[in-house]
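For reference, the structure discussed in these notes is given below.
Side chains included, hydrogens not; waters and symmetry mates left out as well; all remaining heavy atoms used. Just follow the structure's listing: the first ligand is 1, and inside any ligand the first atom is 1. The residues of the chain are indexed from 1 along the displayed sequence.
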Amino acid sequence: MSIHLEGEVSDKYVLPEDVSITKMASKKFEGWKILYDGKSAGYVKFYFKEDDVFQKHVTIDFKVPIPLRGRHIGRIALAKAIDKSTYTIFVAHLRGSNVASKRSLESIGFVLFDYPGSRQLCLLYKKEEGNN
Ligand SMILES: CC(C)(COP(=O)(O)OP(=O)(O)OC[C@H]1O[C@@H](n2cnc3c(N)ncnc32)[C@H](O)[C@@H]1OP(=O)(O)O)[C@@H](O)C(=O)NCCC(=O)NCCS
């Protein structure tokens, strides 16, 4: 997955090399702690699911502490976690009002998906050979 940072370079946004992820130990999810400049900056978690729409896939939960938002830390960490993951289908279910998450996900290649019967926004990313 390429970490495509939209727009011009700005002091507001962090550099991908300043964000790192370290694996969390859990049997319930595949997760990473986010580190920015060596300090704790949230998490990325993938929950394994199976349904009739995507079959085997993971749903995403990622979060950055409020004071660190607006700097693209979350999307950089998520892109790095997807690169490291052995899973191939990544799905996010969001409330329609969650504009920041939608923007963040779309900027790294997620696309809107019309999930049958859902009133939430659904965004999808499929990792393919040559696509990561
Ligand atoms: C989702 C999350 C991790 C994204 O982190 P991130 O990639 O670092 O996102 P940023 O805060 O840097 O960027 C959000 C973008 O949405 C924009 N934005 C934020 N609120 C907005 C709003 N109400 N309306 C329009 N745009 C908004 C920001 O300006 C920014 O735009 P940019 O891409 O032009 O820079 C972070 O927003 C978060 O922790 N949210 C709370 C938890 C959550 O909802 N998680 C998702 C569940 S799957």
Side-chain angles (χ1 to χ4, degrees):
M1 168 173 261
S2 66
I3 301 171
H4 170 66
L5 299 174
E6 287 174 344
E8 68 276 24
V9 175
S10 159
D11 287 348
K12 195 168 109 177
Y13 302 133
V14 306
L15 296 170
E17 54 265 36
D18 292 332
V19 176
S20 60
I21 55 172
T22 61
K23 195 86 186 272
M24 294 163 76
S26 172
K27 288 183 179 156
K28 293 184 184 158
F29 54 81
E30 183 177 63
W32 285 267
K33 287 181 186 169
I34 306 172
L35 297 174
Y36 166 60
D37 228 2
K39 298 184 197 77
S40 181
Y43 63 77
V44 176
K45 294 176 184 172
F46 298 142
Y47 290 88
F48 182 77
K49 298 270 164 56
E50 195 162 3
D51 65 18
D52 292 339
V53 177
F54 299 118
Q55 282 77 48
K56 292 180 174 153
H57 66 286
V58 290
T59 56
I60 293 166
D61 179 20
F62 70 136
K63 191 167 190 171
V64 169
I66 290 170
L68 292 176
R69 288 188 198 160
R71 310 184 68 185
H72 293 180
I73 293 171
R75 69 192 67 182
I76 293 168
L78 176 59
K80 291 189 179 199
I82 288 174
D83 277 349
K84 286 181 189 276
S85 179
T86 54
Y87 295 120
T88 53
I89 300 178
F90 300 84
V91 178
H93 298 280
L94 307 174
R95 278 189 305 207
S97 59
N98 198 342
V99 183
S101 299
K102 179 172 177 281
R103 249 189 102 78
S104 177
L105 290 160
E106 286 181 329
S107 77
I108 56 170
F110 279 75
V111 292
L112 280 170
F113 181 87
D114 192 6
Y115 193 97
S118 175
R119 296 172 67 183
Q120 291 191 309
L121 286 179
C122 177
L123 288 103
L124 169 69
Y125 180 80
K126 281 188 185 174
K127 199 167 156 179
E128 288 158 17
E129 289 296 320
N131 192 19
N132 50 68

- Message: Taking Q55's backbone N and O only, do any of them form a donor-acceptor pair with K49's side chain (distance below 3.5 Å, no angle check)?
- Response: no
- Run down the list R71, H72, R75 and name the one with the heavy atom closest to atom 14 (C) of ligand 1. R75
- Item | Nitrogen or oxygen atoms of I60 and ligand 1 under 3.5 Å apart | no
- Message: Give the atom numbers and elements of ligand 1 that come within less than 4.0 Å of a heavy atom of G74.
- Response: 5 (O), 6 (P), 7 (O), 8 (O)
- Item | Option set I34, N98, I73, criterion heavy-atom distance to atom 44 (O) of ligand 1, minimum | N98
- Heavy-atom distances under 4.0 Å are what count here, so tell me which part of A100 touches ligand 1: side chain, backbone, both or neither. both
- Do K127 side-chain atoms and I82 backbone N/O form a donor-acceptor pair below 3.5 Å? yes
- Message: Testing L123, V53, V91 one by one against F113 for a side-chain contact (heavy atoms from CB on, under 4.5 Å), which residue passes?
- Response: V53
- Item | Residue part near ligand 1, for R103, under 4.0 Å between non-hydrogen atoms | side chain
- What do we get for L94 next to ligand 1 when only non-hydrogen atoms under 4.0 Å count, side chain, backbone, both or neither? side chain
- Query: With a 6.0 Å cut-off on ring centres, are F29 and F48 close enough?
  - Reply: no
- Is the side chain of R69 donor-acceptor paired with the backbone N or O of V64 at a distance under 3.5 Å, no angle test? yes
- Counting both backbone and side chain atoms, is some N or O of K12 under 3.5 Å from an N or O of ligand 1? no
- Query: Name the one of Y87, W32, F62 that satisfies ring-ring contact (aromatic ring centres under 6.0 Å, His included) with F46?
  - Reply: W32
- Would you check if the side chain of S118 reaches a backbone N or O of Y115 as a donor-acceptor pair within less than 3.5 Å? no
- Tell me, please: is A92 in heavy-atom contact with ligand 1, that is, under 4.0 Å? no
- What are the atoms of ligand 1, with element, lying closer than 4.0 Å to any heavy atom of Y13? 32 (P), 34 (O), 35 (O)
